[in-house]
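Below is one structure, written out as C-alpha cells; the observations come after it.
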Amino acid sequence: MMRLSAHEQFRILSDGVADIIPEEEFFAKLEHSVKTDTPLRVKLGCDPSRPDLHIGHAVVLEKLRQFQQLGHQVIFIIGDFTAMIGDPSGRSKVRPALTLDETQINARTYLEQVGIVLDVSQAEIRHNSEWLARLTFADVIRLASQVTVSQMLERDDFHQRFDGEQPIALHEFLYPLAQGVDSVHVCADVEIGGTDQRFNFLLARELQKHAGQQPQAIVLMPLLEGTDGVQKMSKSLGNYIALLDPPREMFGKVMSIPDELIVRYYRYAAFASADEAHAMEEQLRNGSLHPRDAKAYVAERLVARYHGEDAARHAREEFDRMFRQKELPDQIETIELAIAAPVPLVEVLVAAGLVPSKSEARRLIAGGGVYVEAQRINDLHARIERAGEYILKVGKRRFARVRVQ
RNA sequence: GGGCGGGUUCCAGAGCGGUCAAAUGGGGCAGACUGUAAAUCUGCUGGCGUUAUGCCUUCGGAGGUUCGAAUCCUUCCCCGCCCA
C-alpha cells in the first residue's frame, strides 16, 4: 500500500468531515504515523442491538474506508457488553437487554453489512465485554470520580431532558464512560463517528489522559437527514434507506426526499466530490437542472454504489414506468388465496396482506385508492365474483396478483 | 421522609360524569395536482360491520360509586419537580 505524505492524507481524510478535534493533533498523528511507518489505530464503536445499517452509517464507513486505503488500522468495537445490559438511550422504555446469543448474531449481521463498504477482514474486531465485564464496582466508582455531574449535563440530550423534566437514569451517565474505557483499552489514536458522538468522544480523551495515553483525535462526520428531510436518519424513525434495501426501494426512497436535500444526498449518500456537489447546486439554482432529474441522478448513483450500474438503470426505468407513466411494475408477486369466490373485496385485500384490517380497506376504497385490474373501485361492498387471477393495486406502490379459488 | 404535578389513541398533547373512539399538532396512508414516492391542497387515521343515532376493545393496573366514568372514590404501580 502506498504511503502518502501526511499533508496528502490530511487533505483526503478531512474532505467531507463535519469536524476534526483538534485538527493540529490529528495532523501531528498523521505525520508521526508516516515518519515511523506505523498505522494509526482508528476506532469505530457499534451497537449490536440494531443491526440494520443504513446510508447514514455509510457516511462514517466510507470515511473509514479511506483510512483503511491509506494503510491505517480500523478497529471495530462491538458493544456487546452494553447491549447485554440494555437501553443506553433512555428513550425507549422497552428495549430489552439482549442475550449473549442475540448480540453475537446481531454482530455478525452487522459486520456483514459493514463489509458492503469496508474490508472487514483487514479490521481488528473486538468485543467490549472482553474488558468491561471484568471491571469491579470499585473500578467503576474510580472511573465515575473522573467526571462531574455538570460535565455530564453539558451533553445536549442530557441537558434537554433535564430541562424538560424527563427522566435520566443514573446508568446513562455510565455509558459514555464505558465508551471511553473502550478507547483506552484499544489505545485508539483516532475515533470516528457522527456529530452526535462529540461529547462521548471528548470524554474518552479525558479518560485516556488519566490513563497516561495520548488522547485520541476525533473525526466527526455529518449526520445525514432521513428521507423525511427533518430528523436524522434512524431506524426507529423509519426514515432510513438501508444498505440492504433492494434497488427499487433505494431508488424510490431517494425520490421521496424533499428537494432541498438533493445536494446533501448527492454529497454524503452518493459520495459526490465537493466540486460535483457545488456544480449541481449551481445548476439547480439557475434552473438548468430540474429537481426531479437531479434527484433521479442521485438515486441512480446511490443504487449503483450498492447494487451496480445495471440494477441502478433498471430501477430508474421501473420508477419512470410506475410513477410517470403509471404502469405496473415488471414483477408482481402472485399470492395464492385459500378463499373462494364470491368474496368481498375487502377480505381479499386483507388476505393478500395489502392492508392491515378490513376497516382500513374500506377507508381506502372510500378514498379512491383501490384498483382491481386497473379499475378504480368505489363500492365498499364490491366483491370478487369468480375464481381467477386479479391484479390489485392499493395506492401508488402496493401491488399484488392474487389467485382466488 | 414532606409537599406538589403527572401517567390518554403511533408520538406530542387537550379532555376532567353523558353530545368521547376521545380536540389540536406531528407522523402515516389515500386523493388531486406534478416531468418526483418533492412541494402544495383535500380527505382518512382502533376493530368488527347485515353501514343502523349499530356492536366490541381502548384513556397506567385492580376494585368501587353511578342509569352512565378517560373524567368521581379507594388502592396499587410508575414518572417528574421542589424541600429535607
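Below, each value reflects all heavy atoms present in this structure, side chains not excepted, and no hydrogens, waters or symmetry copies. Residue numbers begin at 1 in each chain, while the letters A, B, ... track the order of the sequences.
- Between the side chains of A:D182 and A:Q179, no donor-acceptor pair of N or O atoms lies under 3.5 Å.
- Across all strands, A:G395 comes closer than 4.0 Å only to sugar-phosphate atoms, never to a base (heavy-atom distances).
- Donor-acceptor pairing under 3.5 Å, judged by distance alone, is present between the side chain of A:R362 and the base of B:U51.
- Checked for salt-bridge contact, A:E347 and A:R383 miss the test: no charged N lies under 4.0 Å from a carboxylate O.
- Distances shorter than 4.0 Å separate some side-chain N or O of A:S357 from OP1 or OP2 on B:C48.
- Between A:R376 and the phosphate of B:A32, there is a side-chain N or O to OP1/OP2 separation shorter than 4.0 Å.
- At whole-Å resolution of the value, CD in A:E327 and P in B:G35 are 17 Å apart.
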Distances for protein N or O near nucleotides 20-24 of chain B N or O, under 3.5 Å:
none

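- Nucleotides B:G17 and B:C81 are separated by 30 Å at their P atoms, to the nearest Å.
- For B:G43, the base has no donor-acceptor partner in the side chain of A:R363 [N/O atoms by modelled type, under 3.5 angstrom].
- B:G15 and B:U8 are spaced 9 Å apart, taking the C1' atom of each and rounding to whole Å.
- Note on A:K358 versus A:E360: no salt bridge recorded, every NZ/NE/NH1/NH2 to OD/OE distance being 4.0 Å or above.
- Whole-Å rounding puts the A:E360 CD to B:C10 C1' distance at 13 Å.
- The two residues A:S183 and A:A204 have their closest heavy-atom pair at OG-CB, 3.7 Å.
- Below the 3.5 angstrom threshold, one finds no donor paired with an acceptor across the side chain of A:D320 and the base of B:G35.
- Side-chain to base pairing of A:K326 with B:U36: no donor and acceptor N or O lie closer than 3.5 Å to each other.
- Under a 4.0 Å N-O distance rule, the pair A:R292/A:D320 qualifies as a salt bridge.
- Taking the ring axis of A:F399 as reference, the NZ or CZ atom of A:K393 does not stay both within 45° of it and closer than 6.0 Å to the ring centre.
- Within the structure, every side-chain polar atom (N or O) of A:K358 is placed at least 4.0 Å from both OP1 and OP2 of B:G47.
- Ring-plane geometry between A:H185 and A:W131 is classed as parallel, the angle between the planes falling under 30 degrees on a 0 to 90 degree scale with a further cut at 60.
- To the nearest whole angstrom, the two C1' atoms, one in B:U45 and one in B:A22, are 14 Å apart.
- Spacing of C1' atoms, B:A38 relative to B:C56, comes out at 42 Å, to the nearest Å.
- At the heavy-atom level, A:F251 lies nowhere under 4.0 Å from the strands shown.
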Which pairs of donor and acceptor atoms, one on a side chain in residues 304-311 of chain A, lie under 3.5 Å apart (sequence neighbours left out)?
from	atom 1	to	atom 2	distance (Å)
A:R305	NH2	A:E62	OE1	3.1
A:H307	NE2	A:D245	O	2.8
A:D310	OD1	A:R313	NH2	3.4

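- As the counterpart of B:G68, no nucleotide is assigned, since no Watson-Crick or G-U wobble pattern has both distances under 3.5 Å.
- Sequence order on RNA chain B of the closest nucleotides to A:D293 and A:V370 puts A:V370 first from the 5' end.
- A:K232 and A:D196 are joined by a salt bridge, as a carboxylate oxygen and a charged side-chain nitrogen come within less than 4.0 angstrom of each other.
- Only the C1' atoms considered, B:G64 is 26 Å distant from B:C55, to the nearest whole Å.
- Other residues, nucleotides and ligands place more than 12 heavy atoms under 6.0 Å from the NE2 atom of A:H210.
- For the segment residues 256-263 of chain A, residues with any heavy atom less than 4.0 angstrom from an atom of RNA chain B are, sorted by number, A:S256, A:I257, A:P258, A:D259.
- Nucleotide B:U58 has no partner under the Watson-Crick or G-U criteria, as no pair reaches both atom distances under 3.5 Å.
- Map A:E249 and A:F162 each onto its nearest nucleotide of RNA chain B; the residue landing nearer the 5' end is A:E249.
- With rounding to whole Å, A:L364 atom CG is found 11 Å from B:C29 atom P.
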